[in-house]
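The structure appears below as structure tokens.
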Amino acid sequence: MEVKIRSMNLNDVEVVAGIDRICFSMPWSKDTFTKELLNNLSYYQCATVDDKIVGYMGMWKICDEGHITNVAVLPEYRNRGIASLLIEKIIGVCKCSEINNLTLEVRESNYEAIRVYEKYGFKSAGIRPNYYHMPTENAIIMWKTV
Ligand SMILES: CC(C)(COP(=O)(O)OP(=O)(O)OC[C@H]1O[C@@H](n2cnc3c(N)ncnc32)[C@H](O)[C@@H]1OP(=O)(O)O)[C@@H](O)C(=O)NCCC(=O)NCCS
């Protein structure tokens, strides 16, 4: 299975919003993805297999920090290193730019995601109590020095 990573564009928002509905209890709408893609601070990448989008990842560039907004991979494509490829791509982009630190929030029960982030050197730096809804849950704040 060959996985390719490419920039997300406006033609992708319908498919990506569909992936979000499968992966999250509070998915983003097509409009939200469109606004994200039109935002100069945003950086969104898709993972494709045979030209089908199977995952995506986004980041906001704020001064010298990168804020990871979302990472999602379709269930049937998980545990094949696709999120890892997306994270490696974003870390590479940060290294080539002025971004020195990367941060994100993750549900404290989301062991799969935490495992992937820890693999790339993200460390827990605190909790945002009841940050998530449906269901209500604390967020772990993670940081990585690039
Ligand atoms: C989190 C997510 C993006 C990971 O995608 P993925 O493509 O399966 O990730 P990868 O294949 O690159 O890596 C998975 C790793 O987690 C490990 N893993 C899988 N299930 C695990 C579990 N239950 N507990 C601990 N580790 C687990 C795998 O062994 C693998 O580690 P390895 O690379 O050292 O072998 C995917 O599960 C997903 O889309 N989840 C729903 C959306 C979500 O929660 N996104 C994160 C928001 S913060």
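Counting convention: from 1, in listed order, for ligands and their atoms alike. Heads up: numbering here begins at 1 and tracks the sequence.
Here is the list of ligand 1 atoms found below 4.0 Å of a heavy atom in Ile82: 7 (O), 11 (O), 12 (O). Against a heavy-atom cut-off of under 4.0 Å, Ala113 is close to the following atoms of ligand 1: 1 (C), 46 (C). Here is the list of ligand 1 atoms found below 4.0 Å of a heavy atom in Glu105: 48 (S). Shown in contact with Ala72 at under 4.0 Å from a heavy atom are these atoms of ligand 1, numbered in order with element: 39 (O). The atoms of ligand 1 that sit less than 4.0 Å from any heavy atom of Arg80 are 11 (O). Near Ala83, with a cut-off below 4.0 Å to any heavy atom, the atoms of ligand 1 are 3 (C), 4 (C), 5 (O), 6 (P), 7 (O), 9 (O), 12 (O).
Checking only distances, Lys119 does come within under 3.5 Å of ligand 1, N or O to N or O. Close N/O approach between Val106 and ligand 1 is not found [any backbone or side-chain N/O within under 3.5 Å]. Note: an N/O pair closer than 3.5 Å links Ser84 and ligand 1 by distance alone. Between Gly81 and ligand 1, at least one N/O pair is under 3.5 Å apart. Polar contact check, Asn110 against ligand 1: a nitrogen or oxygen pair lies under 3.5 Å apart.
Residues Met59 and Ser42 have side chains not in contact (no heavy-atom distance under 4.5 Å, counting atoms from C-beta outward).
Contacts between Val116 and ligand 1 below 4.0 angstrom, taking non-hydrogen atoms only, involve the side chain exclusively. Proximity of Leu104 to ligand 1, defined as any heavy-atom pair under 4.0 Å, is not found for any part of the residue. At a heavy-atom distance under 4.0 Å, atoms from both the backbone and the side chain of Arg78 approach ligand 1. Counting heavy atoms under 4.0 Å from ligand 1, residue Tyr117 touches it through the side chain alone.
With Val71, Val54, Leu85, Ile19 as candidates, the residue nearest to atom 46 (C) of ligand 1 on a non-hydrogen basis is Val71. The nearest non-hydrogen atom to atom 18 (N) of ligand 1, considering only Val73, Asn79, Leu86, comes from Asn79.
Protein heavy atom nearest atom 16 (O) of ligand 1, with residue, atom name and distance: Arg115 CG, 3.6 Å. Closest to atom 24 (N) of ligand 1, if we only count protein heavy atoms, is Tyr111 CB, 4.0 Å. What sits closest to atom 21 (C) of ligand 1 on the protein, heavy atoms only, is Glu112 CG, 3.5 Å.
Under a cut-off of 6.0 angstrom, the local environment of CH2 in Trp60 is sparse, with at most 12 non-hydrogen atoms contributed by other residues, nucleotides or ligands. By the neighbour-count criterion of 12 heavy atoms within 6.0 Å, atom CG of Asn9 is densely surrounded, having more than that number from other residues, nucleotides or ligands. The neighbour count for Glu14 CD, taken as heavy atoms of other residues, nucleotides or ligands under 6.0 Å away, does not exceed 12.
Look at Arg78 and Glu112 and you find no salt bridge, because none of the NZ, NE, NH1 or NH2 atoms lies under 4.0 Å from a carboxylate O.
The aromatic rings of Trp28 and Tyr44 sit tilted, their planes meeting at an angle between 30° and 60°.
Side-chain atoms of Glu105 never come within 3.5 Å of backbone atoms of Arg128 as a donor-acceptor pair (strictly under, hydrogens ignored). Thr103 places a side-chain N or O within donor-acceptor distance of the main-chain N or O of Met142, the cut-off being under 3.5 Å. Looking at Thr136, its side chain never comes within 3.5 Å of a backbone N or O of His133 through a donor-acceptor pair.
Protein heavy atoms are found inside the 4.0 Å sphere centred on atom 9 (O) of ligand 1.
No donor-acceptor contact under 3.5 angstrom links the side chains of Glu36 and Thr69, judged on distance only. Remark: the Ser84 side chain and the Lys119 side chain contain an N/O donor-acceptor pair separated by less than 3.5 Å.
Listed by chain and residue number, Asp12 satisfy the salt bridge (charged side-chain N to carboxylate O under 4.0 Å, His left out) test with Arg6 (two or more places apart in sequence, or in another chain).
Of the residues Tyr117, Phe122, Tyr120, the one that meets the side-chain contact (heavy atoms from CB on, under 4.5 Å) test with Leu102 is Phe122.
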